[in-house]
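The structure appears right after this line, and notes come after that.
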Amino acid sequence: MKAIVKPSAGPGLVVRDVPKPSCGPADVLIKVRHAGVCGTDLHIAEWDAWAQGRVKPPLVLGHEFAGEVVEVGDAVQGEFSVGELVTAEGHIICGHCLQCRTGNGHICQKTRIIGVDRAGAFAEFIAMPATNVMRLDGIPTEIGAIMDPMGNAFHTVLTADIPGSVVLVLGCGPIGCFAVGIAVTAGARAVIAVDVNPKRLAIAETMGATRALKPGPAVEAAVMELSGGNGADVVCEMSGAPPAIHDAFRLARFGGRIQLLGIPSGDVPVNFATEIIFKGLTVYGVIGRKMYETWNLMQRFLKGGRFDPRPVLTHRFPIDRIDDALAAIKSGDAGKVIIEIGA
Ligand code: ZN
């Protein structure tokens, strides 16, 4: 089968033939139709320090996908049917540790990620443990393919109290833009979206942002105006940029909640006393998707039709053009970038 492969330790990717995976007894074999390209894939392609420490080539990349069930393992017969359209949680967890057994599998320390720690979804076929597979139930595969990153946005937004809240979203990459739409749909009173890139701000506006602003004094003015001078009830920090992290603490109201999803590239000095403690803030670190309440909520929002993520999908490429897909992400102008494989 054709796949996008990191062939060896060093920069670059190749499209080449690799063996089709076999379907283990507890697995579902899926013919991939659409796959989402992520910043993680760019890190692996460019072979940065993180990738060098984590990835063991040769490896098939890709951790966001949706497709069609073509084979069901012997131990999971009856759970899925051939021909069903599905997506999957890309974090494969141990199922036995304290976190896994207390409903916190998203922080399982033995997590293995497809396309990072084992063969991924930029391929014509992928075998997934049936426990990770989710029926799409009418959701198109193009949207199914982005439910992994969109799930990060659902996890970020819906673990805070949103109805009636003033929500500040710092960083409008694809996950930030999803977060804007989710907060609007969940009943936020106002959603203020902030990014340095005007193309991303335009997407955030399409997703329903009350205001879409570049960083600067206008952001504080908007937050104070829309919150009656209190500050934001909920801040979703999606950028990882140190100035934005300080803005998150500064623009949250006293007693507000900070959802941290963006990953800073290094240490960020924080004045814990003035920025967090004296303001009585609650800070929550977002990693992955809650298994599986985030997925359940996401399916309900998508099937209800009131939340439409499609404005965030800006680029589509065939599998042979992975380099163009990565260039689109690197430009900073793209929303979500999709690879069409067996569509
Ligand atoms: Zn575990």
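First listed ligand is number 1; within each ligand, the first listed atom is number 1. What you are looking at is a predicted structure, and each value in this text was computed from that prediction instead of being measured. Along the sequence shown, residues are numbered consecutively beginning with 1.
Aromatic ring pairs are classed by plane angle as parallel below 30°, tilted from 30° to 60° and perpendicular above 60°; the pair Tyr292 and Trp295 is tilted.
The side-chain tip of Arg289 does not point at the ring of Phe154 from less than 6.0 angstrom away and within 45° of straight on. Relative to the ring axis of Phe301, Arg306 does not place its NZ or CZ within 45° and under 6.0 Å from the centre.
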Exercise for the section: Would you check, one step at a time, whether the test side chain to side chain donor-acceptor pair (under 3.5 Å) holds for His91 with Thr111? Expected result: CA-CA 6 Å; His91 288 192; Thr111 297; 5.1 Å; no
Exercise for the section: Applying side chain to side chain donor-acceptor pair (under 3.5 Å), run through Ser239 and Glu237 and close with a yes or a no. Expected result: CA-CA 6 Å; Ser239 74; Glu237 205 308 291; 2.5 Å; yes
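Residue Arg250 comes nearest to Lys279 through the heavy atom pair O-NZ, 3.1 Å, listed as atom of the first residue, atom of the second, then distance.
Around the Zn ion (ligand 1), the protein N, O or S atoms closer than 2.8 Å are Cys94 SG, Cys97 SG, Cys100 SG, Cys108 SG, listed by chain and residue number.
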